[in-house]
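Right, one structure below, let's go through it.
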2 protein chains.
Amino acid sequence: MDHSRDITGELSKQGYRMTPQRMMILATIEKSDDHISAGESYSQAVATYPNVNISTVYRTLELLERLGLVTCTDLGEGRVRYHPVEKGHHHHPVCRECGATLDLKESLLTPRKDALLPGHGFIADLKHLAILGRCVNFIKYIYIA
Amino acid sequence: MDHSRDITGELSKQGYRMTPQRMMILATIEKSDDHISAGESYSQAVATYPNVNISTVYRTLELLERLGLVTCTDLGEGRVRYHPVEKGHHHHPVCRECGATLDLKESLLTPRKDALLPGHGFIADLKHLAILGRCVNFIKYIYIA
DNA sequence: TTTCGTGCAAACCCTTTGCATTTGC
DNA sequence: GCAAATGCAAAGGGTTTGCACGAAA
């Protein structure tokens, strides 16, 4: 599927201009298998089209997120990662020790999504939830409650 | 309860030196109601004992976390917050729009903690989980799956 | 005394911003 | 042409690091 065309079309439809820079940035988001950071998007974009500036990348990603075209996930790296909404969503266990990330079926957490609203006045965004912990290589002990 | 004495004792027991700086930093962690950031700990510590440096704060917090005496939570602010383990744990819905945070009973998520291990080789640290979403003031729509 | 901890200052990384210039529509 | 988008450069915030000095044990 050509998701980037979706995003491109959506931008035009909403009155935003299509620039070469934006197209390059969209391409990097699309072709990335895992979630991509602003810095990575910039490096990749500038490699094929030198006329891209890091601040443009930040402004573009912020726009896409505001329009709901990409989701923004904090994996606890001290930076944020982006992902097109069309590519689906899932949770991300992140190992505190080695930084390894896994994908996790959403179904493991969503059954309780509704529990977050009624008593708390809060709607959780559980599309890309970062969950810190330890992967197999760094499990030290198992605590059984 | 005097938790700081626990932490202090634990540090000594493990062969780490007790310095005035470390005591000041421990005190700030203890007296903070909510979770505290490195910068906040520094400001508070330096106010009562001028001889504290921000890098000492970072090194101390890193030590405490490594020893398992404090937990470290990423609330999506672009910085990290610390909390003594003895003070219990809970989750933190954080509003993407206004930054408001709430406390959430752990029981809303822990029933599924065990589900994270078997098939995935991962132990989730669900003590202080940041959950991004929108609070009552910024709820735009409710999606019913 | 000897190792550990600290202060200092610089550097690092990620991100944001103001302003002049360029460019899509 | 005009508003929107970009480039540039500077600044901001948070965090880390190397090294020499100082202090706990």
Side-chain angles (χ1 to χ4, degrees), chain A residues 7-28 35-46 48-67 69-70 72-82 96 99 130, chain B residues 7-28 35-46 48-67 69-70 72-82 96 99 130:
Chain A
I7 298 186
T8 303
E10 196 59 32
L11 280 182
S12 308
K13 187 161 59 177
Q14 302 210 21
Y16 295 94
R17 296 178 183 170
M18 193 45 51
T19 66
Q21 289 90 342
R22 284 186 174 165
M23 292 196 285
M24 297 314 297
I25 295 165
L26 293 184
T28 66
H35 301 201
I36 197 171
S37 71
E40 290 166 356
S41 175
Y42 169 68
S43 310
Q44 294 174 24
V46 87
T48 34
Y49 185 77
N51 224 12
V52 175
N53 189 274
I54 184 71
S55 42
T56 301
V57 175
Y58 279 103
R59 288 189 271 231
T60 300
L61 291 173
E62 194 242 322
L63 172 64
L64 296 179
E65 205 223 338
R66 186 151 33 86
L67 296 180
L69 300 173
V70 301
C72 161
T73 310
D74 187 338
L75 261 39
E77 304 169 290
R79 112 193 79 183
V80 138
R81 293 188 169 272
Y82 298 87
R96 280 187 192 280
Chain B
I7 298 185
T8 303
E10 196 60 31
L11 281 182
S12 308
K13 188 161 59 175
Q14 302 209 20
Y16 295 94
R17 295 178 184 171
M18 193 45 49
T19 67
Q21 289 89 340
R22 283 186 176 165
M23 292 196 286
M24 297 312 297
I25 296 165
L26 293 184
T28 66
H35 301 200
I36 198 171
S37 70
E40 289 166 358
S41 174
Y42 169 69
S43 309
Q44 294 173 26
V46 89
T48 34
Y49 185 78
N51 224 12
V52 176
N53 190 273
I54 184 70
S55 42
T56 301
V57 174
Y58 280 103
R59 288 188 272 231
T60 301
L61 291 174
E62 193 242 321
L63 172 65
L64 296 179
E65 204 224 337
R66 186 151 33 85
L67 296 180
L69 300 173
V70 301
C72 162
T73 310
D74 187 336
L75 261 39
E77 303 170 289
R79 108 191 84 179
V80 138
R81 293 188 168 272
Y82 298 87
R96 281 186 193 281

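Here is how names work: the chains are called A, B, and so on, in the same order as the sequence lines, proteins then strands, and each is numbered from 1.
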Nucleotide [N], atom [atom2] - distance to [atom1] of [X] in whole Å:
X     : N      : atom1 : atom2 : value
B/Q14 : C/dG5  : CD    : P     : 12 Å
A/M24 : D/dA5  : CE    : P     : 19 Å
A/L63 : D/dA5  : CG    : P     : 7 Å
B/Y42 : C/dG7  : OH    : P     : 9 Å
A/L61 : D/dA5  : CG    : P     : 15 Å
B/Y49 : C/dG5  : OH    : P     : 16 Å
A/E62 : C/dT17 : CD    : P     : 9 Å
B/L67 : C/dC4  : CG    : C1'   : 14 Å

Kindly give the heavy-atom pair with the smallest separation between [X] and [Y], and that separation in Å.
X     : Y     : result
A/R17 : A/R22 : O-NH1, 2.8 Å
B/A45 : B/M24 : CB-CB, 4.1 Å
A/R79 : A/S37 : CD-CB, 3.6 Å

Original post:
With distance as the sole test, does B/T56 use its side chain to make a donor-acceptor pair with the main-chain N or O of B/V52 at under 3.5 Å?
Top reply: no
Subject >> Heavy-atom side-chain proximity of B/Y49 to B/P20 below 4.5 angstrom >> reply: yes
Original post:
Should B/E10 and B/L67 be marked as a side-chain contact (heavy atoms from CB on, under 4.5 Å) after you check the CA-CA gap, both sets of side-chain angles, and the distance that decides it?
Top reply: CA-CA 9 Å; B/E10 196 60 31; B/L67 296 180; 5.9 Å; no
Original post:
Any side-chain N or O of A/Q21 under 4.0 Å from OP1/OP2 of D/dG7?
Top reply: yes
**OP:** If a protein heavy atom is under 4.0 Å from the base, mark B; if only from the sugar-phosphate, S; if neither, -; do that for nucleotides 15-25 of chain D going 5' to 3'.
**Re:** BBBB----BBS
**OP:** Ignoring hydrogens and angles, state whether a donor on the side chain of B/Q44 or B/E40 is under 3.5 Å from an acceptor on the partner side chain.
**Re:** no
**OP:** Working to the nearest 0.5 Å, report the span between SG of A/C72 and CZ of A/R66.
**Re:** 13.0 Å
**OP:** To the nearest 0.5 Å, tell me how far A/I7 CD1 sits from A/L64 CG.
**Re:** 6.0 Å
Original post:
What does the inter-axis angle of the helix from C/dT1-D/dA25 to C/dC25-D/dG1 come out as, five pairs per end, nearest 10 degrees?
Top reply: 30°
